[in-house]
Amino acid sequence: NVGPRCGWEPYTSKVAAKERLEYECGKPLQFAIELKSTGKVIGSIEVMEPKRDCTTTDNAKELGCLLNENYWGKGVMTEALTSIVKYCFDDLRVEEVVAGYFEPNVGSGRVQEKAGLVPFGRIENYITWYLTGELCDCILNRIGREEYLENPLYRNLEINVREGRGR
């Protein structure tokens, strides 16, 4: 249920899943989302260079995220995404953070909204939605530095973002 909402088919073997995991862990700004209580990895957020016409400035980062479906709807991704947005502005000193979601994935759009990102664009017929075989649009959301600084959500937010190589 996670992969199709991110635009890729579910894995058919453990070998394929392991290869993808190793590839993803090798990316420079790929962050694991861990349960505080156990340290179990339940998802990830990648900070990357924006694709296509997904930004309004040259000093921007794009976020891509995924989360184990057992943790959907529990605020985990909102907390993680908010922390990474703060990290992008405060540590990476970007001027804009963008993220997109495939139109049928309304949950992802809601998480981005809770983190202060607002709609600013749409790429029509961006991908074939794996679950239906239909073309769907990509909805683009953003938050700029000014909006970030004015958003009360970020004023007293303390984050725990650790950089390092995967285990």
Side-chain angles (χ1 to χ4, degrees), residues 1-35 40-88 94-144 147-148 151 153 166:
N1 285 326
V2 175
R5 286 167 175 75
C6 297
W8 25 273
E9 295 182 25
Y11 298 111
T12 56
S13 73
K14 287 183 180 181
V15 171
K18 183 176 187 263
E19 287 172 357
R20 178 65 183 244
L21 182 61
E22 288 172 353
Y23 166 76
E24 293 294 335
C25 288
K27 293 180 177 179
L29 289 173
Q30 180 77 268
F31 294 92
I33 299 171
E34 295 181 352
L35 282 178
K40 176 183 176 183
V41 174
I42 58 170
S44 68
I45 298 180
E46 180 181 2
V47 178
M48 58 193 140
E49 296 304 315
K51 294 183 286 296
R52 295 172 81 166
D53 296 322
C54 294
T55 183
T56 63
T57 178
D58 290 336
N59 185 14
K61 293 293 182 189
E62 180 178 353
L63 306 180
C65 49
L66 57 91
L67 183 67
N68 178 314
E69 67 182 310
N70 294 325
Y71 301 93
W72 292 353
K74 298 181 182 193
V76 174
M77 184 54 79
T78 300
E79 180 181 348
L81 187 64
T82 303
S83 296
I84 294 298
V85 167
K86 182 171 180 58
Y87 171 81
C88 287
V94 302
E95 292 300 314
E96 181 178 59
V97 173
V98 297
Y101 68 94
F102 304 128
E103 191 168 30
N105 190 356
V106 294
S108 187
R110 182 72 181 117
V111 168
Q112 292 173 23
E113 178 185 320
K114 288 179 182 180
L117 284 79
V118 297
F120 83 99
R122 170 187 295 264
I123 303 172
E124 294 183 357
N125 299 321
Y126 185 77
I127 194 169
T128 300
W129 188 244
Y130 178 76
L131 298 172
T132 64
E134 303 283 323
L135 283 173
C136 70
D137 296 352
C138 179
I139 309 300
L140 302 172
N141 292 321
R142 69 170 294 279
I143 183 171
E147 295 88 1
Y148 164 75
N151 190 323
L153 175 67

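Nothing fancy with the numbering, it's 1 onward along the sequence.
Proximity of Val118 to Asn141: side-chain heavy atoms (C-beta onward) are nowhere separated by under 4.5 Å. Looking at Ile127 and Cys138, their side chains never come closer than 4.5 Å, going by heavy atoms from C-beta outward. Residues Ile45 and Met77 are in side-chain contact: their nearest non-hydrogen atoms beyond the backbone lie under 4.5 Å apart. Between Val98 and Leu140, every side-chain heavy-atom pair lies at or beyond the 4.5 Å cut-off. Looking at heavy atoms from C-beta onward, Ile33 lies out of side-chain contact with Tyr71 at the 4.5 angstrom threshold.
The structure places OH of Tyr148 at 12.5 Å from CG of Leu117, a figure rounded to the nearest 0.5 Å. Rounding to the nearest 0.5 Å places CG of Leu66 at 9.5 Å from CD of Glu46. The distance from the CD atom of Gln112 to the CG atom of Asn105 is 8.5 Å, given to the nearest 0.5 Å. How far NZ of Lys86 is from CD1 of Ile84: 12.0 Å, rounded to the nearest 0.5 Å. Atoms SG and OH, on Cys136 and Tyr101 in that order, are 11.0 Å from each other to the nearest 0.5 Å.
Remark: Ala60 engages Pro50, Thr55, Thr57, Glu96 in a side-chain contact (heavy atoms from CB on, under 4.5 Å) (not counting sequence neighbours). With sequence neighbours left out, the side-chain contact (heavy atoms from CB on, under 4.5 Å) criterion links Glu103 to Arg122, Asp137, Ile139. For the side-chain contact (heavy atoms from CB on, under 4.5 Å) test, residues two or more places apart in sequence or in another chain that qualify with Thr82 are Thr78, Ala115, Leu153, Tyr154, Leu157. Partners of Arg110 by salt bridge (charged side-chain N to carboxylate O under 4.0 Å, His left out), not counting sequence neighbours, listed by chain and number: Glu113. In terms of the side-chain hydrogen bond (donor to acceptor under 3.5 Å, both in side chains) criterion, residue partners of Asn70 (sequence neighbours excluded) are, by chain and number, Asn68. In this structure, the side-chain contact (heavy atoms from CB on, under 4.5 Å) partners of Leu135, at least two apart in sequence or on a different chain, are Asn125, Thr128.
Within the 3.5 Å criterion, the main-chain N or O of Gly144 finds a donor-acceptor partner in the side chain of Glu147.
Taking the charged nitrogens against the carboxylate oxygens, Glu49 and Lys61 do have a contact shorter than 4.0 Å, which makes a salt bridge.
Counting all heavy atoms, side chain and backbone alike, Cys88 lies closest to Leu63 at SG-CD2, 4.0 Å.
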